[in-house]
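Each chain gets a letter, A, B and so on, in the order the sequences are listed, and its residues count up from 1.
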Number of protein chains: 2
Amino acid sequence: MESGEKVEKDYRRYALLLKALADETRVKILDMLSHNELCACNILAEFNITQPTLSYHMKILSESGLVDSRRDGVWMKYAVNRNNLEVVKKLFDNIANNIANVK
Amino acid sequence: MESGEKVEKDYRRYALLLKALADETRVKILDMLSHNELCACNILAEFNITQPTLSYHMKILSESGLVDSRRDGVWMKYAVNRNNLEVVKKLFDNIANNIANVK
DNA sequence: GCCACACATAGACATATGTCAATGTTTATT
DNA sequence: AATAAACATTGACATATGTCTATGTGTGGC
């Protein structure tokens, strides 16, 4: 780190991303999407929730930036956004690194 | 992965850990604790919240397992729990790895 | 024992969250 | 254009969350 550099981390951004994952259903969805792009109907089949509830969760994941969506005919296809996943990954990498080095 | 192995990931545990970090104040606290063990009074000085509100946040972090606490005379000292931080870190490592390899 | 300090707990409150049933919208097929 | 399929939106609701003030609890110094 440069001397005199003011590092004001964007904790609000972290909280928004992590809030999107503060739900069992949505963590599982992200994990599913990490293997493949999927349509809502594929995802819905893995849960015991109604279609509007899934739609609500996908909206939260999309608006957080962790998941991208695109139309494909009748279907909506969802995929993990690599940049924002990297933001979260690096947060925990850094924290783990701090713990390992300083203490 | 072994063939025939049934991998039922503990998404509930992930969600509980991430829910503890789904708040701007608590993410910042975890980051602070990654550098040093700190007492509540040290942490409180960095925020514009009341002492009971901080106590509420520390309870959530402690009960999630992400943060350990111990008494030191009049003070409560808080530190990051390495095992549970590793759980979260590995979750995102795996997801990032899935994205890189499969797609 | 009394006091001050550090922290926890209780109660109250406004807002956010997750869920559903009902309905709307978009797309492709016929 | 009529229909069906996939998904989104709306409105309602119960519960969870984050914050405060007021008060309780534990610790060490005098």
Side-chain angles (χ1 to χ4, degrees), chain A residues 10-33 36-81, chain B residues 10-33 36-81:
Chain A
D10 198 347
Y11 296 107
R12 189 169 308 176
R13 186 181 186 194
Y14 292 140
L16 288 175
L17 292 170
L18 294 177
K19 193 169 291 190
L21 297 176
D23 179 275
E24 189 178 344
T25 301
R26 295 196 293 266
V27 181
K28 187 173 177 182
I29 290 172
L30 188 76
D31 195 37
M32 291 168 66
L33 293 178
N36 282 303
E37 186 185 53
L38 294 171
C39 74
C41 53
N42 294 143
I43 301 171
L44 185 59
E46 295 295 315
F47 295 95
N48 285 321
I49 57 177
T50 63
Q51 176 268 320
T53 296
L54 177 64
S55 193
Y56 162 79
H57 286 305
M58 298 317 299
K59 188 176 184 180
I60 287 179
L61 285 170
S62 297
E63 289 182 345
S64 77
L66 278 170
V67 166
D68 296 322
S69 62
R70 67 180 182 89
R71 260 211 172 274
D72 179 14
V74 186
W75 301 281
M76 286 297 296
K77 299 286 185 70
Y78 296 97
V80 179
N81 179 292
Chain B
D10 198 346
Y11 296 107
R12 188 168 311 175
R13 186 181 186 195
Y14 293 140
L16 287 175
L17 291 171
L18 294 176
K19 191 170 292 191
L21 297 176
D23 179 275
E24 189 178 343
T25 301
R26 294 196 295 266
V27 182
K28 186 173 176 182
I29 290 172
L30 188 77
D31 194 37
M32 292 168 66
L33 293 179
N36 282 303
E37 186 185 51
L38 294 171
C39 74
C41 53
N42 294 144
I43 302 171
L44 184 60
E46 295 295 314
F47 296 95
N48 286 320
I49 58 178
T50 63
Q51 176 269 320
T53 297
L54 177 64
S55 193
Y56 162 79
H57 286 305
M58 298 317 297
K59 188 177 183 179
I60 287 179
L61 286 170
S62 297
E63 287 180 348
S64 77
L66 278 169
V67 167
D68 296 321
S69 62
R70 67 179 182 91
R71 258 210 173 275
D72 180 14
V74 185
W75 300 281
M76 288 296 298
K77 297 285 185 72
Y78 296 97
V80 179
N81 180 292

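Residues from residues 67-75 of chain B placing a heavy atom under 4.0 Å of any atom in DNA chain C, listed by number, are V74(B), W75(B). Proximity of residues 53-61 of chain B to DNA chain C (heavy atom under 4.0 angstrom from any strand atom) is restricted to S55(B), K59(B).
Comparing A40(A) and K19(A) by the nucleotide of DNA chain D whose heavy atom lies nearest to each, the residue mapping closer to the 5' end is A40(A). Nucleotides of DNA chain C nearest to P52(B) and A22(A) differ in position, and the one nearer the 5' end is that of P52(B).
Taking CG of L38(A) as the start and CG of L33(A) as the end, the distance is 5.5 Å to the nearest 0.5 Å.
Using a 4.0 Å heavy-atom cutoff across all strands shown, F47(A) reaches no nucleic acid atom at all.
Taking both residues in full, the closest heavy atoms of Y56(A) and R26(A) are given as CE2-NH1, 4.4 Å, listed atom of the first, atom of the second, then distance.
Remark: T50(A) is in phosphate contact with dC20(C), judged by side-chain N or O atoms under 4.0 Å from OP1 or OP2.
Between D23(B) atom CG and dA16(D) atom C1' there is a gap of 13 Å when expressed in whole angstrom units. Atom CZ of R26(B) and atom P of dT17(D) are 9 Å apart (whole Å). Rounded to whole Å, atom P of dT17(D) lies 18 Å from atom CD of E24(B). A straight line from CD of E63(A) to C1' of dA16(C) spans 14 Å, rounded to a whole angstrom.
Contact annotation: side chain of Q51(A) to base of dA6(D), donor-acceptor pair absent below 3.5 Å.
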